[in-house]
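First the structure, in the form of structure tokens, and then the observations on it.
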Amino acid sequence: MSRKVGQSEGRKAKSADRRVVGSGRVGAGRRPAPAKPATARARGKESIESKKKRAADIVARLKRAYPDAHCALHFTSPYQLIVATILSAQCTDVRVNIVTPAFFRQWPTPARLAQARMADVEKAVMSTGFFRNKARNLVAMAQALVASHDSIVPHTMAELHALPGVGRKTANVVLSNAFGISEGVTVDTHVTRLCNLLRLAIGTDAVKIEQQLMQLIAREDWAILSHLLIAHGRTICIANRPKCELCVVNALCPSAKEPLAVSR
């Protein structure tokens, strides 16, 4: 066999070997396929039993950290609390507490508020924001109390929720803080943000978040939960600048393990 023919056959043999190896039919020299990264669903998967236990541990730690957690709105009656809670929408409790003393001196009862001039109520609550809508709801709420409840704030979810300007959040605040009744969980912006970070509830819809929390949290803790989360959100888990190194629930928070680039 000539040298030229031998070289040609050798090149063909090497080319065939490379094709066989590349096709995966020969293991020698084959690079293993890179492992697929875990999906977000797989990383975040947690059994309901595990989540309930973690939720109970979170509540217990927050109770120890904030033994005096309570409703920050000032009130001496269910009527005062329902007014203050309506005013607290998109407003700080501090501002509401500044406004309500003069408000209650002018309209100390539902009957008096029901007869108020809308312009006067608007002026009284202007600094709380959305004052026209709030004034309209306050007067309508008072008129409904007079017409349907003998000027007495009812203590059932259905009756409260039927009042103008009263959603589940306001109804839960009044029921739990004025009457000591736990019908649900109060969900505000702090509760929404922290529950998403803690992966106790996912989403932005307050009603859906409440339903998720009611499945996880013991009923006896429904009322205190919002106060604990609000206190924690104002002091430690501050939006955009959380103090994770000082957080008592850091070890139980999935978000604490995420990169700092993740928005909190």
Legend entry - Thr156 side chain to Glu159 side chain, donor-acceptor N/O pair below 3.5 angstrom: yes

Inset, instruction - Return each pair, listed once, that meets ring-ring contact (aromatic ring centres under 6.0 Å, His included) where at least one residue sits in residues 48-95; pairs must be two or more places apart or across chains. - result: Tyr66-His232, Tyr79-Phe104

Legend entry - Step-by-step side chain to side chain contact (heavy atoms under 4.5 Å, CB included) determination, Leu113 to Phe103: CA-CA 10 Å; Leu113 181 58; Phe103 185 99; 3.7 Å; yes

Inset, instruction - Can you measure from OG (Ser151) to CG (Leu145) and round to the nearest 0.5 angstrom? - result: 7.0 Å

Inset, instruction - Indicate whether any N or O donor in one side chain lies under 3.5 Å from an N or O acceptor in the other, for Glu210 and Asn172. - result: yes

Legend entry - Residues Asp57 and Lys52 bridged, charged N to O under 4.0 Å: no

Legend entry - Members sharing Ile152's hydrophobic cluster (side chains within less than 4.5 Å): none

Legend entry - Distance (rounded to the nearest 0.5 Å) between Ile86 CD1 and Lys134 NZ: 10.0 Å

Legend entry - Chi angles and distances behind the side chain to side chain contact (heavy atoms under 4.5 Å, CB included) call for Val121, Arg136: CA-CA 8 Å; Val121 180; Arg136 185 168 55 251; over 6 Å; no

Legend entry - Value rounded to 0.5 Å, distance of NZ in Lys53 from CD1 in Ile48: 14.5 Å

Inset, instruction - Ignoring hydrogens and angles, tell me if any N or O in the side chain of Ser255 forms a donor-acceptor pair with the backbone of Leu197 under 3.5 Å. - result: yes

Inset, instruction - Group every Ile, Leu, Val, Met, Phe, Trp and Tyr by side-chain heavy-atom contacts under 4.5 Å, then state whether Leu200 and Ile202 land in the same group. - result: no

Inset, instruction - Test Asn177 against Thr85 for side chain to side chain contact (heavy atoms under 4.5 Å, CB included), laying out the working first. - result: CA-CA 11 Å; Asn177 294 284; Thr85 307; over 6 Å; no

Inset, instruction - Examine Phe131 and Ile98 and state if one hydrophobic cluster contains both, with Ile, Leu, Val, Met, Phe, Trp and Tyr joined whenever side-chain heavy atoms are less than 4.5 Å apart. - result: no

Inset, instruction - Could you list the residues that satisfy side-chain contact (heavy atoms from CB on, under 4.5 Å) with Asp188, not counting sequence neighbours? - result: Lys169, His190, Val191, Ile230

Legend entry - Nearest-0.5 Å distance that lies between atom CG in Leu225 and atom CG in Leu62: 8.0 Å

Inset, instruction - Give a yes or no on whether a salt bridge exists between Asp205 and Lys208, defined as a side-chain N under 4.0 angstrom from a carboxylate O. - result: no

Inset, instruction - Say whether, by atom type as modelled, one donor and one acceptor occur between the side chain of Gln143 and the main chain of Ala114 under 3.5 angstrom. - result: yes

Legend entry - Steps toward side chain to side chain contact (heavy atoms under 4.5 Å, CB included) verdict (Glu49, Arg54): CA-CA 9 Å; Glu49 293 78 12; Arg54 187 166 61 85; over 6 Å; no

Legend entry - Gln215, CD: over 12 other non-hydrogen atoms inside 6.0 angstrom: no

Inset, instruction - Give a yes or no on whether the backbone of Ile217 and the side-chain of Asp221 come within a donor-acceptor separation of less than 3.5 Å. - result: no

